[in-house]
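Remarks on the structure that follows.
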Amino acid sequence: MSRRKRILVGLGTAVIVGGIYLWFFGFQTASALMVRYTYRNMPDVAKTPVPLSDLSISNVRHKTESYFGYEFELPWDDLDEHKDRTAGTIHVSYSLSGNAFWFSTFPPKEFVNNLTKTATLDPQALRQLYGDEALESDYAFYQKMLHLTPSEITPFVSRRQAIAGQMLLIVKAISIPKAGSGIFSIQAPGFEGFQFENPQARPLRITDELYSNDGGIYVIFFQKVDGTAPTISQPEINRVIRSIRKVPAQAVTSTETRKSK
């Protein structure tokens, strides 16, 4: 065979092989390249939850608070009650040192239901993409979403996996709080959830999201990072989230009546 024919045969083979690859893996390859380019400057999207390394609980007990049908302990005694603010299902407390504490509640499956409305996808379409289990609760969906990273979208996943993964990464990038120092799996009596940020890194905000069958709770710790306020520690955070419990309706009414006086 002449050199010219060998070149033509080689080119023809390359075209055929390339066409076959593009037919079977073209969309997935484009998806893999796109997610790596899109999230290259968004390192939080590549993070996945890991267990907390510090499970100790502060032995300092100062005050018990009660809001929206829940009671919990705060291991600080310098709250400035004159600055307390409540709006709807959100309560914010401020300390004299400059730190702040956010406590709010949300109904069951709020995130999944809002996603269905925002994405204009019916529940059946979401179930086809992510499975029945992922849509059973907000916690189950977060579990699936937080454990997905851009590196898992490769040219060799199925077309449906590529589509589902791209959508889930978009939701992850938009919805998760800042997590520069990590994402952590957390547990409390009756709750499972996630913590965003490690207090040892001295971030401005540490967010704990707790989920149960009855609904969920956001607990956010704001701290001054200029060194003028006490550092919020993981044992203190653990004290707060592990002390959360539902209170009877009668007790809630009595507490609200006392606070309104």
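Fair warning: this is a prediction, and the values are worked out from it, not measured in the lab.
Placement of L74 and I57 in two distinct hydrophobic clusters is found when ILVMFWY residues are connected by side-chain heavy-atom separations under 4.5 Å, directly or transitively. With hydrophobic clusters built from ILVMFWY side chains whose heavy atoms lie under 4.5 angstrom apart, L96 does not share a cluster with W102.
Taken from OH in Y70 to CD1 in I217, the straight-line distance is 4.5 Å, to the nearest 0.5 Å. For the atom pair OG1 (T86) and NE2 (H91), the distance works out to 4.5 Å, reported to the nearest 0.5 Å. Taking OG1 of T149 as the reference point, atom NZ of K47 lies at 12.0 Å (rounded to 0.5 Å). Atoms CD and CH2, on E236 and W76 in that order, are 5.5 Å from each other to the nearest 0.5 Å. The CG atom of L148 sits 4.5 Å away from the CG atom of L169 when rounded to the nearest 0.5 Å. Rounded to the nearest 0.5 angstrom, Q200 CD and T231 OG1 are separated by 10.5 Å.
Taking 4.5 Å as the limit, some side-chain heavy atom of S175 sits within range of a side-chain heavy atom of M145. Between Y67 and F72, some side-chain heavy-atom pair lies under the 4.5 Å cut-off. Under the 4.5 Å side-chain criterion, counting only non-hydrogen atoms from C-beta, N114 is not in contact with F106. Counting heavy atoms from C-beta on, the side chains of F103 and I244 come closer than 4.5 Å. Under the 4.5 Å side-chain criterion, counting only non-hydrogen atoms from C-beta, P177 is in contact with E209.
Between Y211 and the choices F191, Y218, Y142, the ring pair (Phe, Tyr, Trp, His ring centres under 6.0 Å) rule is met once, by Y142. The side chain to side chain contact (heavy atoms under 4.5 Å, CB included) test with T207 singles out one residue from V219, I176, I220, and that residue is I220. Looking at R239, K63, R242 one by one, the single match for salt bridge (Lys or Arg N to Asp or Glu O under 4.0 Å) with E73 turns out to be R239.
Remark: the Q195 side chain and the Q234 side chain contain an N/O donor-acceptor pair separated by less than 3.5 Å. H147 and T48 share no side-chain donor-acceptor pair at under 3.5 Å.
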*Under the side chain to side chain contact (heavy atoms under 4.5 Å, CB included) criterion, do F196 and I206 qualify, and how do the steps go?*
CA-CA 6 Å; F196 300 86; I206 305 157; over 6 Å; no
*Check step by step if ring pair (Phe, Tyr, Trp, His ring centres under 6.0 Å) holds for F221 and F101.*
CA-CA 5 Å; F221 304 86; F101 171 79; 5.5 Å; yes
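Under the rule for a side-chain hydrogen bond (donor to acceptor under 3.5 Å, both in side chains), the partners of D54 that lie at least two apart in sequence or sit in another chain are S56. Evaluation of the side-chain contact (heavy atoms from CB on, under 4.5 Å) rule for A173 yields Y39, M42, V45 as partners, not counting sequence neighbours.
Between the side chain of E71 and the backbone N or O of S66, no donor-acceptor pair lies under 3.5 Å. Between the side chain of D138 and the main chain of E110, a donor-acceptor pair closer than 3.5 Å is present. Proximity of a side-chain donor or acceptor of R205 to a complementary backbone N or O of P203 within less than 3.5 Å is not detected. Judged purely by atom type and a 3.5 angstrom limit, D208 has no side-chain atom pairing as donor or acceptor with the backbone of F194. Side chain of K178 to main chain of E197: no donor-acceptor pair is present (N/O by atom type, distance under 3.5 Å, no hydrogens or angles).
Minimum interatomic distance between I241 and A188 (heavy atoms only, all atoms of both residues): O-CB, 3.2 Å. The nearest pair of heavy atoms linking A100 to Y94 is CB-CD2, 3.9 Å. The two atoms that bring P199 and S233 nearest to each other are CG-C, 4.2 Å, heavy atoms only. Of all heavy-atom pairs between S93 and L79, the closest is CB-CD2, 4.4 Å.
Heavy atoms of other residues, nucleotides or ligands lying less than 6.0 angstrom from CD of E136 number more than 12.
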